[in-house]
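It should be emphasised that the depicted structure is a prediction, and the values quoted were computed from it without experimental measurement. To find a chain, count down the sequence lines: A is the first, B the second, and so on, and within it residues start at 1.
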Amino acid sequence: MPKKEGSSPPTTEIVPRERALREQIEKIEQESGAKAIAVALRDAETGFELHYHGDRWFHAASTIKVPILLGAFAAINRGDLLPHSRVHVRNRFLSVVENIPFRVESGRDANSAVHNAIGKMMRVDELAYHMITTSSNLATNLLLGVIGSDAVNQTLKELHVDEGIELRRGVEDELAFEKGINNMVTADGLLRILIMLSEGKAFSPALSRRMMDILHGQEFNQGIPARLPKGTRVAHKTGEISTVAHDAGVVYLPKRKPYVLVILTEWDPDTTGRSRTIAAISHTIYEYLIQGPVDE
Amino acid sequence: MSDPASFAETPGVNEAPNFPLRVVDGLTLPPEYRKALRPGEEWKDATGFPRQLPRYFYEIPSWDSAMKIELASHFLLWEFIQVDVREAPPLRTFPRYVPCAITLLAVCLERFRDAVGTLVHISANGGYRSPSHRFSKNATPHAWGTAANIYRIGDTYLDNRGAIERFSLIARQTLPGIWTRPYGTPTGFAEDHLHLDLGYVLSVPRDVKS
């Protein structure tokens with residue numbers, strides 16, 4: 001049987017190939033210059049799990065948008081929102097620090113669609129799509145404004161996926177950032193959410209599928225998918241700020257069940273090679289899984 | 001003493017050929033609408049001063065009709081009734097109801113449009129919104145149908161002091177008695193739109209006798 005490996009597992013429980021996998025990840029980490037790397041993996045084909053510093057906390061960057069997506073669909077599931085419910089697109093938000101107003105910089109959003117709709121309305125499902133596929137910060141804060149952080153956190157709790165996720169504010173709240181009030185995640189925390197989504201257990205198989213469809217639309221593919229074979233489908237969400245670069249998703253290879261993979265990395269500002277490092281870890285794990293873990 | 005006969009109504013015409021909306025007394029609407037619209041009720045403004053909410057509304061049967069009905073040469077009805085998920089659920093589906101004073105606002109905006117010489121865009125949630133709208137903390141002329149939040153004029157987005165103050169001045173020069181919200185971030189100010197309103201105007205159509 002494949003063994004579940006903890007963050008600091010007794011070495012006697014690690015089979016040789018699994019140990020080799022950890023060593024490979026450690027080698028990539030050392031060569032990359034990253035300050036920290038965490039990896040969480042669950043393979044639905046074999047049941048194999050890897051938790052490499054899986055409980056270490058990182059600034060979530062845009063990976064926090066996966067829990068927010070879950071919160072939006074919880075509101076849909078409750079009937080509070082419909083996918084086609086309309087939301088006023090307005091670029092004005094209140095910081096969690098003294099309710100001081102702030103705006104999302106249009107230059108930081110890769111997609112101008114949401115900014116172009118300022119003053120008008122967009123549908124909840126459109127905002128969810130832009131929040132994930134092009135990581136629109138404006139769409140994220142608009143959705144969070146309608147749903148509320150407390151409601152998202154309550155959803156995570158009810159679904160028993162709150163461990164390893166700390167949603168404390170919207171994105172681009174610079175005042176909060178300066179005060180150290182940040183959204184935080186662990187690799188294990190994101191892994192639990194993605195497992196639930198990939199298994200169709202978030203509210204209903206239909207709603208889970210809709211969320212997975214959105215994650216499949218991801219347009220930033222320099223991380224987990226970059227070195228996987230052509231034809232591999234990856235439903236994922238990236239996240240990057242000056243000090244972290246992450247990717248978390250579900251990998252669908254032909255003729256096997258998917259695996260869920262979360263790679264979180266922390267860096268000194270201005271360090272290069274972040275995506276390359278994530279892609280290298282993803283490729284290492286891919287090679288490990290297609291060869292099959294060795295039983296004890 | 002005056003001759004009572006001198007007070008008799010002179011027969012007149014008030015049916016606009018392109019304005020087919022029915023006037024309804026809000027007090028006769030089904031309970032879910034009365035709860036959301038609060039017709040004729042008192043509602044306090046931000047200073048605690050009580051204001052009386054509109055009682056008479058135009059009934060809008062469909063989005064199609066809102067898209068076709070002109071309130072002024074350059075303003076269609078739909079532009080005044082765009083609300084998002086924060087509006088009370090019964091008021092997000094048709095028939096919809098807008099206070100009768102909405103026509104006065106449209107005429108004012110038309111005059112403002114003439115002064116600026118280009119398109120004037122009212123934002124979502126920036127025309128009529130009910131007292132049950134989640135943005136409506138205190139009485140606001142938006143719930144009287146006499147306020148508009150303008151987020152764009154021509155190609156100019158009103159998201160900075162210069163643009164807001166420039167068009168605010170034009171509005172006040174053009175529309176005597178109009179009130180515009182000053183530029184700024186605190187409550188009561190505006191930094192990403194031009195708010196202008198006519199105050200708490202109640203419009204009672206001539207045919208209403210109750």
Side-chain angles (χ1 to χ4, degrees), chain A residues 71-107 109 112 114-128 138-139 141-148 150-151 172-175, chain B residues 63 66 78-94 96 119-130 133-137 142 148-161 163-164 167 181-195:
Chain A
F73 274 76
I76 290 170
N77 186 53
R78 287 192 302 270
D80 294 345
L81 292 176
L82 296 169
H84 59 269
S85 293
R86 292 180 181 274
V87 177
H88 176 194
V89 178
R90 185 181 184 190
N91 191 357
R92 183 181 187 274
F93 306 98
L94 298 179
S95 170
V96 293
V97 179
E98 297 172 13
N99 281 341
I100 294 170
F102 69 96
R103 290 180 185 173
V104 169
E105 283 184 33
S106 60
D109 274 2
S112 59
V114 187
H115 282 270
N116 287 344
I118 282 174
K120 304 173 192 169
M121 291 189 280
M122 290 183 81
R123 297 195 322 247
V124 165
D125 57 359
E126 290 176 319
L127 291 172
L138 182 53
N141 284 359
L142 288 168
L143 277 179
L144 203 54
V146 171
I147 311 159
D150 290 346
E172 288 198 41
D173 184 344
E174 297 296 336
L175 279 175
Chain B
W63 185 250
W78 70 268
E79 296 175 80
F80 296 82
I81 61 165
Q82 295 187 89
V83 285
D84 74 356
V85 291
R86 295 166 177 92
E87 183 56 278
L91 306 182
R92 300 204 301 257
T93 56
F94 289 90
R96 298 261 300 268
L119 299 173
V120 171
H121 299 268
I122 303 169
S123 77
N125 292 330
Y128 172 65
R129 56 181 194 246
S130 81
H133 192 288
R134 276 164 53 189
F135 281 177
S136 302
K137 302 270 192 294
H142 286 288
N149 292 342
I150 295 161
Y151 74 95
R152 185 179 157 198
I153 293 178
D155 291 331
T156 304
Y157 280 86
L158 306 188
D159 59 0
N160 60 82
R161 177 188 292 274
I164 291 172
F167 287 108
R181 204 175 281 286
Y183 174 85
T185 57
T187 304
F189 292 69
E191 56 168 337
D192 65 348
H193 63 269
L194 169 63
H195 167 104

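Neither the backbone nor the side chain of B/N149 has a heavy atom closer than 4.5 Å to any heavy atom of chain A. Contact of A/I100 with chain B is not made at all, since no heavy-atom distance falls under 4.5 Å.
Listed for the A/R90 side chain is no donor-acceptor partner under 3.5 Å among the backbone atoms of B/A124.
Taking 4.5 Å as the limit, some side-chain heavy atom of B/E191 sits within range of a side-chain heavy atom of A/R103. Here the side chains of B/V83 and A/R86 are not in contact, with every heavy-atom distance at 4.5 Å or above. Between B/V85 and A/H88, every side-chain heavy-atom pair lies at or beyond the 4.5 Å cut-off.
Note: B/R86 leads B/H193, B/R86, B/R92, B/R152 in heavy-atom pairs under 4.5 Å with chain A.
Contact record, A/V146 with B/R134: O-NH2, 3.6 Å, taken as the closest heavy-atom pair.
With values rounded to the nearest 0.5 angstrom, A/I118 atom CD1 is found 7.5 Å from B/D159 atom CG. Atom CG in A/L94 sits 10.0 Å away from atom OG1 in B/T185 (nearest 0.5 Å).
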